[in-house]
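None of these values were measured; they are calculated from a predicted model.
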Amino acid sequence: MITVVIKKISIRRILILGMPGLVMGIISLIILSTYFSSKPVFTDHAHEIMNNISSYTIDKSRSHLNPARDAALLTSGLAVNKIVTSSDKNGMENYFYEQLMVNTQFSSIYYGTVEGEFVMVSRRGDEGFLTKIITITEGIRQVQFKKTDLLFNEQNQYYDPEDTYDPRERPWFKDAIEKKKLIWTNPYVFFTSRNPGITTASPVYNLNQSLHGVVGVDIEISELSDFLSTLSIGKSGKAFILDQNGQVLAYPDKDKITHLAGESDSVSLVSIADLDDSVSLAAYNTLQTLDYKLDENKELFFTFKYGNETYHAMFAPFKASYWPWLLGIYIPENDYLGLLKKNRTYTVLISFSLGLITILIGFFITRSIVRPLEILQKAAKEVGSGKLNSPIEVQTYYRELDETARIFEKMRFGLEEKAKIEEQLQQTQKVESIGRLAGGVAHDLNNLLTPILGYSEILLNKMTDEPQTSHVRQIFKAGSKAKDLVQQLLAFSRKQNLDYKPLDLNKIIRNFEKLIERTIREDIVIEINESPIPPVIMADPGQIEQVVLNLSVNAQDAMADGGVLTIEISVVEMDDPDSGTYALLAISDTGCGMDREVQNKIFEPFFSTKGDFGIGLGLATVYGIVNQHKGMIHVYSELDRGTTFKIYLPISKETISETKRKREIKINKKGSETILVAEDNEQVKDLTVAIIKSLGYKVLSADNGSEALSILSEYDEPVHLLLTDVIMPGINGKDLFSRAKLIHKDLKVLFMSGYAATAIAHHNVIETGAQFIQKPFSTGSLAQKIREVLDKG
């Protein structure tokens, strides 16, 4: 059998060939002739634009920086003539404040003397100003700080005996003294504002020409970047300013010119090589190959290529020795040749209207047939590679193509639903496995914490030596914190009873603040605003902490470049249909925000915006906890403007003090009945026996269920209560009680375990609602529970 291979031909090629192709060839000739005749004119125009921008930018930079120089020289002259003097530090402080008010680009202005005294006023943004004054009186050094608002009204004043700042050791002080004239430092990033800036300093001499001190001015140069961002340099041209070392001082996107220096928290300027602008780097590298010298004080024009595009560039020095900076400008050639191309298009439209109509008709027919086929082809490839979440949207005038698209979309949707169900199943199994692990770890920790807390409590009740008592109290405190951690593990594994009680929401957040600070990155500022009215709610504290932690971690993920996390508590009155008084817990961030589509899905289980890094259960858990507490949750968010979650929890009518009094009445009850303790953990058993004996009861003990049954068989007197561990080797607690009842029919039982009662009942180890106490327990809670079981009819 002979197989004939037929060469495949593109439908698009067949439809476009013919008259449309011929017309396009004629038009191409007209375009080329127009383009090459007009190009030199537009190139000269581009050079003129760059030259004007260069002059304007350098003049703008000088006008921005010169006030700092003038302020330094003026202050120096006033200090020489004792009009402004360091001996009158309040007067100098007021003068510095006036300078900052007049010159908004100033960051700080300060004066240091040769004796080490110092006066500085710094800008704190919208918060106002910070004054630092160092005085030395009879050899005694004192450092004073003062915070003022924008109107220079004092807000706070304090002294710092640990401060070791000495102006005489600073580079600006040493450099000004060495050169004996006004100096400018190299640009750097200010530590406080994290913005780029520069310092100018001038020495101050007494009338006898002896050195008295140095005045300095810090000036931010971020405004130069703001200015560059307003320039119109073609469609996509840019301008930037470099120093003699190639560091970027100003750039239209000022967020790109600083970065963290190594592993420290300091910030430095990026070099042109590290700037996220490969075109600017290409322009600078081309300049280096031309052997250009910065001190030549002349502009240089040249062209360079990057990728497949040609650029025109200009570099111009600032022509000032104290600012050895370089202004760079580049414009893509296509930006200014766009006008030429536009004119060429008009010529084509006028000359070849008939050809254009032919092309449009051919294009329309081609697109109407080929475009749906391309969409279906692309969709088939995506489905084949496992990408099932992109709906197929085909608009066609042809019945056959439309029917094919609908059948294919139905198939894709079925595969997508199947993949979602499989993914949800995997996620559920993963979370369930982690939950079982957390529950098991919590059980073992409870067995270890029971003797730690129990014996330390016994020692605290017996000891009178205060130093030793303090040590034991610290052991008990650490054990209690570990117990709280175990409760959080049980809450995560959903193996914990919810402990609803009246709580002060202010206090919950205040106690949880340290954990939030340890969890959240250091580049995020945490602000907590408590309610002036204590908001008492009926809640489980561990669940509320889980809500705060989940929302705080989500806020951190939304602020990749740092920001502010605000936790605010207040009491509000709600209108119908949710009338009543509620505690409002608002958690806000300054992160990337969410669009409306994402907001509508955030509380759905397994929905996540974190890709492979999230399982989509955090906000679903938050939503469930809020509903369990009879509360409401709302989200407010806008893209690039942050997100706020508002949680409304009903105010409790029961007060905290009433709850405490109820508990105090019930604890530490004693008795004289006989109790049999069955526990396979020796430390827990010995502790439990010691506690029960201290309460006056008669105690029998067994290491397991078999030994307990032997004791009950041989013991002639009544045994009133069986206190047994639920899970023991051999006979478990439930079976032990069933067999013990046959020996002592009036026997009562109290189960204990490191697991929670609901988890054990769920596995049919004890009956739901059985008397139960969870490890670790205190003397008071065990005494109360024993008495409660014995007294129950």
Side-chain angles (χ1 to χ4, degrees), residues 484 487-488 490-492 494 496-517 519-520 524-556 558 564-591 594 599 602-603 617-637 642-663:
D484 293 339
Q487 297 307 308
Q488 292 185 24
L490 288 172
F492 171 77
R494 296 181 178 87
Q496 180 193 40
N497 294 322
L498 293 183
D499 183 16
Y500 289 101
K501 55 188 174 183
L503 299 169
D504 183 347
L505 188 56
N506 280 345
K507 188 175 181 181
I508 294 177
I509 301 303
R510 193 184 313 121
N511 294 340
F512 200 55
E513 181 178 0
K514 293 295 183 184
L515 179 58
I516 298 175
E517 291 176 348
T519 304
I520 302 303
I524 296 177
V525 178
I526 301 174
E527 295 182 355
I528 297 180
N529 301 319
E530 297 183 7
S531 170
I533 304 173
V536 178
I537 60 174
M538 186 67 71
D540 183 304
Q543 297 293 299
I544 299 301
E545 290 173 352
Q546 185 71 33
V547 167
V548 176
L549 186 60
N550 282 7
L551 293 179
S552 298
V553 171
N554 274 8
Q556 170 188 253
V564 179
L565 171 64
T566 303
I567 302 176
E568 186 173 358
I569 309 160
S570 59
V571 176
V572 297
E573 293 288 339
M574 298 290 288
D575 297 330
D576 290 335
D578 303 306
S579 59
T581 306
Y582 287 79
L584 171 59
L585 174 62
I587 300 179
S588 306
D589 64 65
T590 58
M594 299 177 284
Q599 292 181 51
I602 56 174
F603 295 119
L617 290 179
L619 289 177
T621 301
V622 168
Y623 186 84
I625 292 173
V626 173
N627 279 337
Q628 283 182 321
H629 286 77
K630 297 182 173 60
M632 300 168 287
I633 183 169
H634 301 291
V635 60
Y636 305 89
S637 182
T643 301
T644 297
F645 285 90
K646 291 187 175 181
I647 299 170
Y648 298 88
L649 300 170
I651 292 293
S652 173
K653 296 180 180 179
E654 185 175 356
T655 63
I656 296 176
S657 58
E658 290 174 352
T659 303
K660 289 183 177 179
R661 285 199 297 269
K662 290 177 183 177
R663 292 179 179 177

Problem set entry | Intermediate values then yes/no, side-chain contact (heavy atoms from CB on, under 4.5 Å), V548 and I508 | CA-CA 10 Å; V548 176; I508 294 177; over 6 Å; no
Distance-only donor-acceptor pairs under 3.5 Å for side chains of residues 524-533, two or more places apart:
residue: E530; atom: OE1; partner: R510; partner atom: NH2; Å: 3.0
residue: E530; atom: OE2; partner: R510; partner atom: NE; Å: 2.9
residue: S531; atom: OG; partner: I533; partner atom: N; Å: 3.2
residue: S531; atom: OG; partner: I533; partner atom: O; Å: 2.7

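When all heavy atoms of M538 and P502 are compared, the closest pair comes out as SD-N, 3.6 Å. E545 approaches F512 most closely through the heavy-atom pair O-CE2, 3.4 Å. The two residues V626 and I633 come nearest to each other via the heavy atoms CG1-N, 4.2 Å. Of all the heavy atoms in A539 and L503, the pair that sits closest is O-CD1, 3.3 Å. Nearest heavy-atom pair, D504 versus P534, reported as atom, atom and distance to 0.1 Å: OD2-CB, 3.8 Å.
You'll find the side chain of I587 stays beyond 4.5 Å of the side chain of N554, heavy atoms only. The side-chain heavy atoms of I647 and L551, taken from C-beta on, include a pair separated by under 4.5 Å. Looking at I544 and L505, their side chains come closer than 4.5 Å, going by heavy atoms from C-beta outward. Side-chain contact between I516 and I567 is present, with heavy atoms from C-beta onward closer than 4.5 Å. Between E568 and L584, every side-chain heavy-atom pair lies at or beyond the 4.5 Å cut-off.
Looking at S637, its side chain never comes within 3.5 Å of a backbone N or O of T644 through a donor-acceptor pair.
Take K630 and apply the side chain to side chain contact (heavy atoms under 4.5 Å, CB included) test, not counting sequence neighbours, and it matches P650. Remark: S552 engages no residue in a side chain to side chain donor-acceptor pair (under 3.5 Å) (not counting sequence neighbours). The side chain to side chain donor-acceptor pair (under 3.5 Å) test applied to T566 returns no partner, not counting sequence neighbours. Looking at residues two or more places apart in sequence or on another chain, you find no side chain to side chain donor-acceptor pair (under 3.5 Å) involving T519. Remark: A555 engages M559, L565, D589 in a side chain to side chain contact (heavy atoms under 4.5 Å, CB included) (not counting sequence neighbours).
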